[in-house]
Amino acid sequence: MADEILLLPDIICETDTGLATVPLVRERAFAAWQHDIPQEYWTLDGPALTARVAAARRKLGNRLVVLGHHYQREDVIQFADFKGDSFKLARWAAEQRQAEYIVFCGVHFMAESADILSAPHQKVILPNMAAGCSMADMAGTDDVLAAWDDLQEVLGDTIVPVTYMNSAAALKAFCGRNGGVVCTSSNAQKVLAWAFAQKQRVLFFPDQHLGRNTGVKMGIPLEEMAVWDPRLPLGGLTREELERSRIILWKGHCSVHARFTVDQIREARERYPDVQVVVHPECSLEVVQAADYDGSTEFIAKIITEAPAGSVWAVGTEINLVSRLARENPDKTVFCLDPVVCPCSTMYRVHPAYLAWVVEELAAGRVVNQVTVDAETARWAKVALERMLETA
């Protein structure tokens with residue numbers, strides 16, 4: 001653990017009308033969602049928060065593990081016992097059988113996955129319950145169930161549902177009950193290959209871009225991929241479009257990765273002729289095809305870390321990870337493709353004040369912000385997750 005906390009400055013985000021400053025204290029607005037957090041935490045400075053987190057952790061010892069997703073801000077990630085992508089963190093947490101408490105510095109669907117995979121005696125804590133995921137929210141359970149009924153009526157029993165890890169536990173359970181599976185950005189191609197061995201078609205949600213990029217890598221023509229818009233009757237598609245489809249893509253996306261453009265890649269190449277461009281597969285197909293590499297956060301971190309000294313990297317993913325990789329690789333030039341890019345706004349809701357609050361409550365014998373998945377949902381979600389593990 002670091003000796004002192006880093007309090008980030010205001011963040012600058014691009015809006016339709018220009019640049020807007022989003023101050024750090026905006027986090028206080030989210031405190032209204034958490035009525036139990038005492039106001040005193042917002043009066044503490046960095047060193048005070050650091051000291052209080054450290055004292056609570058000493059008291060808890062190995063009963064507590066703190067996990068930090070790659071997209072977490074520096075003033076939170078410094079407390080993590082382990083950092084990684086969502087599924088890597090959930091699996092790691094499940095292996096820490098000595099830990100009674102798992103504090104997951106990430107977003108809600110990640111904490112749900114950790115709860116599904118953890119042992120019965122373990123409790124998963126999310127520092128800020130308002131930390132969700134806009135992409136996951138684009139695939140509501142009711143909308144997916146309605147789409148599934150429509151698709152069954154038109155196409156019959158020819159579809160395997162595949163959900164990205166970035167989805168609610170209820171949708172993972174839906175896949176488990178209906179012969180489907182979960183995938184991550186690193187194993188999507190293997191998972192889809194398994195799905196096509198089961199049936200003719202795949203319903204892929206919630207991120208259309210990961211599904212499309214994976215399909216293209218597998219040689220599936222774009223005309224055999226249809227985009228389902230849950231706001232429109234029959235997803236806005238004709239029966240003919242559905243019948244010729246092999247992948248039905250949910251109309252969802254990551255707002256961070258949607259910001260990256262081919263023009264940004266072109267500008268990076270003009271500025272640095274020897275630049276190598278690596279992007280996340282949640283970016284659009286055009287951006288992925290214009291890049292040199294694409295892959296998960298783990299892939300991005302690995303390829304840059306193992307790259308030779310003096311190499312130049314333009315990166316298309318969340319700014320906290322890009323900035324961290326730049327600091328950890330001072331012998332290379334590492335920069336974000338988008339010169340003005342916002343952090344993942346929901347990840348940013350995990351403020352160190354929330355972390356201090358939840359660990360001090362645990363040290364006092366009180367559990368706050370526990371994320372639990374009901375037994376039936378957890379059972380079927382685990383089926384879908386285990387299919388993924390067996391497949392990929």
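Treat the numbers as computed from the prediction; the structure is a model and nothing was measured. Heavy atoms only: backbone and side chains are in, while hydrogens, waters and symmetry mates are out.
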Problem - Check: A130 main-chain N/O paired with R349 side-chain donor or acceptor under 3.5 Å - result: yes
Exercise for the section: Evaluate the criterion salt bridge (charged side-chain N to carboxylate O under 4.0 Å, His left out) for residue pair R52 and E40; output intermediate values, then yes/no. Expected result: CA-CA 12 Å; R52 289 177 66 157; E40 67 171 288; 3.2 Å; yes
Handout entry: ILVMFWY network linking L203 to V182, side-chain heavy atoms under 4.5 angstrom
Key = no
Practice task
Could you check if a side-chain atom of Y293 sits within less than 4.5 angstrom of a side-chain atom of V277, using non-hydrogen atoms only?
Solution key: no
Practice task
Please answer whether the main-chain N or O of A119 pairs with a side-chain N or O of Q122 as donor and acceptor at a distance below 3.5 Å.
Solution key: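 Flag set: sc Q122 to bb A119 pair under 3.5 Å.
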Exercise for the section: Taking the side chain as every heavy atom from C-beta outward, state whether P127 and N369 have any pair of such atoms under 4.5 Å apart. Expected result: no
Exercise for the section: Would you name the heavy atoms of F260 and V315 that are closest together and state the gap between them? Expected result: CE2-O, 4.2 Å
Exercise for the section: Check for a donor-acceptor pair, side chain of T50 on one end and backbone N or O of G46 on the other, with a separation under 3.5 Å. Expected result: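 Here the side-chain-to-backbone pair exists.
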Exercise for the section: Walk me through it: do E318 and H70 pass the test side chain to side chain donor-acceptor pair (under 3.5 Å)? Expected result: CA-CA 9 Å; E318 206 273 348; H70 281 309; over 6 Å; no
Exercise for the section: Check the surroundings of atom CD in E153: do more than 12 heavy atoms from other residues, nucleotides or ligands lie under 6.0 Å from it? Expected result: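 Open.
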Handout entry: Close aromatic pair by centroid cut-off 6.0 Å: H351 and W357
Key =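 No, they do not, as the ring centres are separated by 6.0 Å or more.
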Practice task
State plainly whether the residues K217 and D294 are in salt-bridge range, i.e. N to O under 4.0 Å.
Solution key: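 Result for this pair is yes, salt bridge flagged.
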Exercise for the section: Would you indicate whether K302, at its atom NZ, is surrounded by more than 12 heavy atoms from other residues, nucleotides or ligands within a distance under 6.0 Å? Expected result: no
Fill in the blank from the handout: Here the pair of heavy atoms bringing V275 nearest to A314 is CG2-N, 3.6 Å
Practice task
Go through the steps to decide whether R379 and E376 satisfy the test salt bridge (charged side-chain N to carboxylate O under 4.0 Å, His left out), and finish with yes or no.
Solution key: CA-CA 5 Å; R379 179 168 77 91; E376 184 69 5; 3.3 Å; yes
Handout entry: Polar side-chain atom of S245 near backbone of I247 as donor-acceptor pair, under 3.5 Å
Key = no
Problem - Verdict with supporting geometry, H280 and S296, side chain to side chain donor-acceptor pair (under 3.5 Å) - result: CA-CA 6 Å; H280 196 281; S296 66; over 6 Å; no
Exercise for the section: Check R73 against P352 and note the closest heavy-atom contact, atom names and distance. Expected result: NH2-CD, 4.1 Å
Exercise for the section: Side-chain contact test, heavy atoms from C-beta onward, threshold under 4.5 Å: evaluate it for V124 versus Q370 and give yes or no. Expected result: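 Result no, sub-4.5 Å side-chain heavy-atom pair not found.
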Problem - Sidechain-backbone polar pair: N187 side chain, K190 backbone, donor-acceptor under 3.5 Å - result: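 The answer is no, because no donor-acceptor pair under 3.5 Å joins these two groups.
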Practice task
Take C175 and V162 through the test side-chain contact (heavy atoms from CB on, under 4.5 Å) and record every step on the way to the result.
Solution key: CA-CA 7 Å; C175 288; V162 177; 5.9 Å; no
Problem - Ring-face cation of R324 near Y71 (centre distance under 6.0 Å, axis angle within 45°) - result: no
Problem - Side-chain donor/acceptor of D115 to backbone N/O of A111, under 3.5 Å - result: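 Pair absent, no side-chain N/O of D115 close to backbone of A111.
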Problem - W148-L237 co-clustered via ILVMFWY side chain contacts under 4.5 Å - result: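 Linked within one cluster.
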Practice task
Show your working on side-chain contact (heavy atoms from CB on, under 4.5 Å) between R57 and D81 and close with a plain yes or no.
Solution key: CA-CA 11 Å; R57 297 200 63 182; D81 297 304; 2.6 Å; yes
Problem - Donor-acceptor pair, side chain of Q264 and main chain of T261, under 3.5 angstrom - result: yes
Problem - F109 vs M165 side-chain heavy atoms within contact, under 4.5 Å - result: yes
Completion exercise
Smallest heavy-atom separation, I220 atom then M225 atom, equals O-CE, 3.2 Å
Exercise for the section: For R97, look at atom CZ and say whether over 12 heavy atoms of other residues, nucleotides or ligands are found less than 6.0 Å away. Expected result: yes
Handout entry: Salt-bridge criterion met for E112 and K172 (N-O under 4.0 Å)
Key =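 The answer is no: the pair does not qualify as a salt bridge.
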Practice task
Please name the pair of heavy atoms, one in C254 and one in E282, separated by the smallest distance, quoted to 0.1 Å.
Solution key: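 Where C254 meets E282 most closely, the heavy atoms are CB-OE1, 3.1 Å.
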Practice task
Could you tell me whether R266 and D263 have a side-chain N and a carboxylate O separated by less than 4.0 Å?
Solution key: yes
Practice task
Give the intermediate values and the outcome of salt bridge (charged side-chain N to carboxylate O under 4.0 Å, His left out) for residues E240 and R244.
Solution key: CA-CA 6 Å; E240 291 75 18; R244 72 166 178 259; over 6 Å; no
Practice task
Check whether M388 and V160 end up in the same hydrophobic cluster, where Ile, Leu, Val, Met, Phe, Trp and Tyr are linked by side-chain heavy atoms less than 4.5 Å apart.
Solution key: yes
Handout entry: Within-4.5 Å side-chain heavy-atom neighbours: C105 and K83
Key =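 They are not in contact (no side-chain heavy atoms under 4.5 Å apart), so the answer is no.
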Practice task
Answer whether the closest heavy-atom distance between the side chains of W194 and V181 falls below 4.5 Å.
Solution key: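 Yes, their side chains come closer than 4.5 Å.
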Problem - Donor-acceptor contact present, side-chain K332 to main-chain V312, <3.5 Å - result: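 Here the side-chain-to-backbone pair does not exist.
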Exercise for the section: Kindly say whether S284 contributes a backbone atom to a donor-acceptor pair with the side chain of R212 at under 3.5 angstrom? Expected result: no
Handout entry: Within the 6.0 Å centroid threshold, strictly below: Y354 and W42
Key = yes
Exercise for the section: Identify whether NZ of Lys or CZ of Arg in R63 sits under 6.0 Å from the centre of the six-membered ring of Y101 and within 45° of that ring's axis. Expected result: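 Cation-pi check for R63 and Y101: fails.
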Exercise for the section: Measure from the ring center of F205 to the ring center of W228 and say whether it is less than 6.0 Å. Expected result: no
Practice task
Give me the one residue out of D207, D229, D143 that meets salt bridge (Lys or Arg N to Asp or Glu O under 4.0 Å) with K251.
Solution key: D229
Exercise for the section: Let me see the working for N320 and S323 under side chain to side chain donor-acceptor pair (under 3.5 Å), right down to the final yes or no. Expected result: CA-CA 5 Å; N320 281 310; S323 298; 5.8 Å; no
Exercise for the section: Kindly compute the distance separating OG1 (T158) from CD (E243), expressed to the nearest 0.5 Å. Expected result: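 Between T158 OG1 and E243 CD, I get 9.5 Å after rounding to 0.5 Å.
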Practice task
Rounded to the nearest 0.5 Å, what's the gap from CE on M110 to CG on D85? Could you check?
Solution key: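 The CG atom of D85 is 8.0 Å from CE of M110, to the nearest 0.5 Å.
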Handout entry: Side-chain touch R201/F196, heavy atoms, less than 4.5 angstrom
Key =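 They are not in contact (no side-chain heavy atoms under 4.5 Å apart), so the answer is no.
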Practice task
Give the C-alpha distance, both sets of side-chain angles, the deciding distance and a yes or no for side chain to side chain donor-acceptor pair (under 3.5 Å) between S134 and D137.
Solution key: CA-CA 5 Å; S134 59; D137 291 343; over 6 Å; no
Practice task
Check whether F79 and L44 end up in the same hydrophobic cluster, where Ile, Leu, Val, Met, Phe, Trp and Tyr are linked by side-chain heavy atoms less than 4.5 Å apart.
Solution key: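 Yes, same cluster.
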Practice task
Given side-chain contact (heavy atoms from CB on, under 4.5 Å), test F204 with C183 step by step and report yes or no.
Solution key: CA-CA 10 Å; F204 189 95; C183 78; 3.7 Å; yes
Exercise for the section: Decide yes or no for F299 and V278: does some side-chain heavy atom of the first lie under 4.5 Å from some side-chain heavy atom of the second? Expected result: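 The answer is yes, as the side chains (C-beta and beyond) meet within the 4.5 Å cut-off.
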Problem - Test log, rule side-chain contact (heavy atoms from CB on, under 4.5 Å), inputs I125 and F104 - result: CA-CA 6 Å; I125 312 299; F104 207 126; over 6 Å; no
Problem - Criterion salt bridge (charged side-chain N to carboxylate O under 4.0 Å, His left out) on R269 and D292, from CA distance to verdict - result: CA-CA 11 Å; R269 296 195 191 283; D292 299 298; 3.3 Å; yes
Exercise for the section: Could you tell me whether the side chain of W250 and the main chain of P230 form a donor-acceptor pair under 3.5 Å? Expected result: no
Fill in the blank from the handout: Heavy-atom closest pair (L49 atom, A356 atom, distance to 0.1 Å) is CD2-CB, 3.7 Å
